[in-house]
Amino acid sequence: MRKLAANLDPSRRTVYNMLVAAAETHGYEAALHQPDGKGGYRSYSWVEYRQLAEEIAAGLRALGLELGDTVALASETRAEFYLADLGIMTAGCIAAGVYTSLSHADQARSLLGSSPKAVFFESPKTMAALDAAGTAGFEGRRLLLSGEAAGALTLDQLRKRGREAMAMRPHFVAKFTSEVQPSHHCILYLTSGATGEPKMGLVTHNAVCANCDMGPAVLPEECLESGLAFLPSANITQRLGMELLMIRMGVQVYFSEGLSKLPVELRTVKPTFFVAPPRVWERIYASITAEIRKKPAVIRKLFYTGLGVGQEISRAREQGREPSPFARASYRFFDRVIFAKVRERLGGRIKLAVSGAAPLARGLADFFTAIGLPLVEGYGLTEGGVVCLNPFDHPMPGSIGKPLPGVEFKTSADGELLIRAETLFDGYFNDPEATAAVLREGWLHTGDLAEIGADGYVRITGRKKELIVSSNGKKIYPARIESLFKLEPLIGHVLLVGDKLPYVAALVTLNPAAADSIAGLEKTVEKTTAGLAGSAAAQTEVKRIVQRVNKQLAPFEQIRRFRILDREFSLETGELTPTMKLRRKVVLENFRDDVERLYAGREELD
């Protein structure tokens, strides 16, 4: 069994001390693997990780940065981001990551809004693009994670300054790291802005370390040999789960070169631990099922029969009973012949697959459990940390699991989930009014509606701000209904409308990549979003899908009309957050005319 560093004494809870403990425990074992662009990796040991973080921190201090200063990072997730991030926090500064999936103008606005004293740009190209979008007048220190450009220090030059400062003052690092207290801020998160304008949340060293210390109690060490990081580092799921928790647990991290290369990287890296948002699991599901539909009838029958057996075994275990000997024997056959080959496409070694950053559809969880890759769903938020996780040995599909050790949950009179824990953020940056609205008497008001079962499992039913109340007073939770479409490969997004209106309707976007595998659509000439929107075959197929979903709903919840849109929702138009959540208010504004047409004339769908 791998060694694990001990929990830090509460008085020593800083991110730097957590890194020191990891370096002392794991020494020259591999910690980070950055693609070198030639098919190989530049690897860093835990000792190097600590050393480079200290050099970067000393370099920042030598440049004049002080305790509590903010340093922004405008970079994709890569090893150099981790090194700079740890260097910033080691220096006692506050690290503010920017969502690189935003437009350059929004990135520049976020970056400047954090009031940084220095900025790490990923490359000269990144710096030039952001300068053109609004950061040209930034007068703080400019630093580059890769490449060279006039007016900016490279990472190597910064490290050299740090080494020189350390040589001149032997106790330099010890002095400034001793100034950093658990109560000091270390991260400034930008919220995704799913239900309003993005805010910036300040988190302390103590909150981060307390959260990471929960890991060993709930995550089996044997599953954490290696991970593959690809999510944006501005997001808490990536930052805490794939960066800081990996330090606490001593897990080596490989970095992806991008979503387009992820399928190949999964097969070559063969991670044992993989964290992805539901959107990625949906794409994997769509890819698997589209391929199965192209197989001969006998293969299709074998796959779906095996899926049924897997789901029956899963149901039995959920209900606390043993599957029948026949079901277990049958499943071993299907697993060997079919499902093992499916898992091989994902590397074949994933022992812990986690879904985070957004709610996971129940049907999707059932599918992956049936093929032998149960998705462990958790729950976290910028303002609260990662606070809930399904038990690895008994996940409950459709739930976010149970609160982590030391975390308290309760619901308010109107069903809102409230959290109390050491992991809570300190407040919104320069926004005491917004802070007071969510932090009250030690409890974080999450804005999520939840049910806490007698068995301790928690289920999120929706967002308070997204609740639909029809004109006859019926309450409808759109997220639950929209999730029922997640297993339909043809569907891109579904957004329900109907607040203060006579019935529920839906805006629908389609996935052109699935058209070839859908009967009736394979002959459609223009397989684009716009082309499919005008296709009679697509209208017919979407109507069938809506009718299937309606059978699972109460009459007042059923979708009476839908409209297929001629384009996907996007980040550029403000309809999606950087974590790919829908901004309902923006969608409804952008497609106001389409919504009005949904309520003109009679109800069409029975």
Side-chain angles (χ1 to χ4, degrees), residues 194-195 282 359 361-363 461-463 465-512 514-515 518-521 524 526-570 573-576 581-606:
T195 57
E282 288 163 19
R362 168 67 195 250
T461 56
R463 292 282 297 171
K465 291 184 178 180
E466 294 173 358
L467 183 67
I468 290 175
V469 181
S470 63
S471 57
N472 62 4
K474 295 288 188 180
K475 292 182 179 179
I476 298 150
Y477 299 98
R480 183 182 69 82
I481 298 171
E482 290 160 359
S483 73
L484 298 176
F485 290 88
K486 298 294 186 183
L487 294 184
E488 300 291 347
L490 182 62
I491 303 298
H493 281 101
V494 170
L495 185 137
L496 296 197
V497 295
D499 193 41
K500 300 180 180 65
L501 292 165
Y503 54 84
V504 177
L507 297 176
V508 179
T509 68
L510 301 183
N511 173 20
I518 305 292
L521 289 179
T524 301
E526 190 181 351
K527 294 185 179 68
T528 62
T529 307
L532 289 172
S535 160
Q539 290 283 340
T540 301
E541 181 60 24
V542 172
K543 184 174 181 178
R544 285 197 199 102
I545 292 169
V546 172
Q547 288 171 331
R548 281 201 295 269
V549 168
N550 277 347
K551 289 177 182 177
Q552 304 173 58
L553 303 174
F556 69 87
E557 296 176 307
Q558 291 176 356
I559 297 166
R560 300 302 179 187
R561 297 186 73 180
F562 65 85
R563 187 166 182 83
I564 301 175
L565 304 178
D566 60 5
R567 68 169 178 82
E568 252 291 9
F569 302 136
S570 71
T573 53
E575 294 144 1
L576 295 177
K581 295 174 187 172
L582 283 175
R583 286 193 173 113
R584 292 175 184 274
K585 186 176 179 181
V586 177
V587 172
L588 294 176
E589 179 62 31
N590 289 356
F591 293 95
R592 187 190 306 168
D593 291 345
D594 294 276
V595 172
E596 287 177 358
R597 291 190 188 102
L598 287 169
Y599 293 93
R602 64 184 181 86
E603 300 176 30
E604 294 177 354
L605 200 70
D606 296 318

- Euclidean distance, Glu575 CD relative to Phe591 CZ, rounded to 0.5 Å: 4.5 Å

- Task: Take Phe485 and Val546 through the test side chain to side chain contact (heavy atoms under 4.5 Å, CB included) and record every step on the way to the result.
- Result: CA-CA 8 Å; Phe485 290 88; Val546 172; 4.1 Å; yes

- For the student: nearest non-hydrogen atoms of Arg567 and Thr573, plus distance: NH1-OG1, 3.7 Å

- Query: How would you list, by chain and number, every residue that makes a side chain to side chain contact (heavy atoms under 4.5 Å, CB included) with Leu487, sequence neighbours excluded?
  - Reply: Tyr285, Leu364

- Task: Dump the intermediate steps for side chain to side chain contact (heavy atoms under 4.5 Å, CB included) on Phe562 and Gln539, then the final yes or no.
- Result: CA-CA 9 Å; Phe562 65 85; Gln539 290 283 340; 3.5 Å; yes

- Query: Are Leu510 and Val542 close enough that some pair of their side-chain heavy atoms sits under 4.5 Å apart?
  - Reply: yes

- Identified side-chain contact (heavy atoms from CB on, under 4.5 Å) partner of His493 from the options Val508, Val587, Leu576: Leu576

- Note on the structure: Rounding to 0.5 Å, atoms CD1 (Ile491) and CD (Glu541) come to a distance of 8.0 Å

- Query: If only atom types and distance count, is the side chain of Asn511 paired as donor or acceptor with the main-chain N or O of Leu490 below 3.5 Å?
  - Reply: no

- Spatial distance of atom CD1 (Ile564) from atom CG (Leu532) [nearest 0.5 Å]: 8.0 Å

- Rounded to the nearest 0.5 Å, the CZ atom of Arg583 sits from the NZ atom of Lys585 at a distance of 11.5 Å

- So OH of Tyr503 and CG of Leu598: to nearest 0.5 Å the spacing works out to 7.0 Å

- Message: For a quick test of reading the model, state the closest non-hydrogen atom pair linking Ser483 to Arg480 and the distance between them.
- Response: OG-O, 2.7 Å

- Search all heavy atoms of Asn550 against all heavy atoms of Gln558 and return the closest pair with its distance. O-NE2, 3.1 Å

- Close side-chain approach of Leu467 and Tyr477, heavy atoms under 4.5 Å: yes

- Between CG on residue Asp566 and CG on residue Asp594, distance to nearest 0.5 Å: 7.5 Å

- Task: Could you walk me through whether Asn590 and Phe569 pass side chain to side chain contact (heavy atoms under 4.5 Å, CB included), step by step?
- Result: CA-CA 10 Å; Asn590 289 356; Phe569 302 136; over 6 Å; no

- Item | For the student: nearest non-hydrogen atoms of Val504 and Ile476, plus distance | CG2-CD1, 3.5 Å

- Task: Indicate yes or no for a side-chain donor-acceptor contact from Arg561 to the backbone of Ala600 under 3.5 Å, with no hydrogens or angles considered.
- Result: yes

- Let me know which of Thr509, Leu582, Leu565 forms a side-chain contact (heavy atoms from CB on, under 4.5 Å) with Leu495. Leu582

- Heavy-atom closest pair (Pro478 atom, Arg584 atom, distance to 0.1 Å) is CB-NH1, 3.9 Å

- Query: Which pairs count as salt bridge (charged side-chain N to carboxylate O under 4.0 Å, His left out) when at least one residue sits in residues 546-555, sequence neighbours excluded?
  - Reply: Glu488-Arg548

- Message: Using every non-hydrogen atom in the two residues, find where Ala506 and Val494 come nearest and quote the distance to one decimal.
- Response: CB-CG1, 4.1 Å

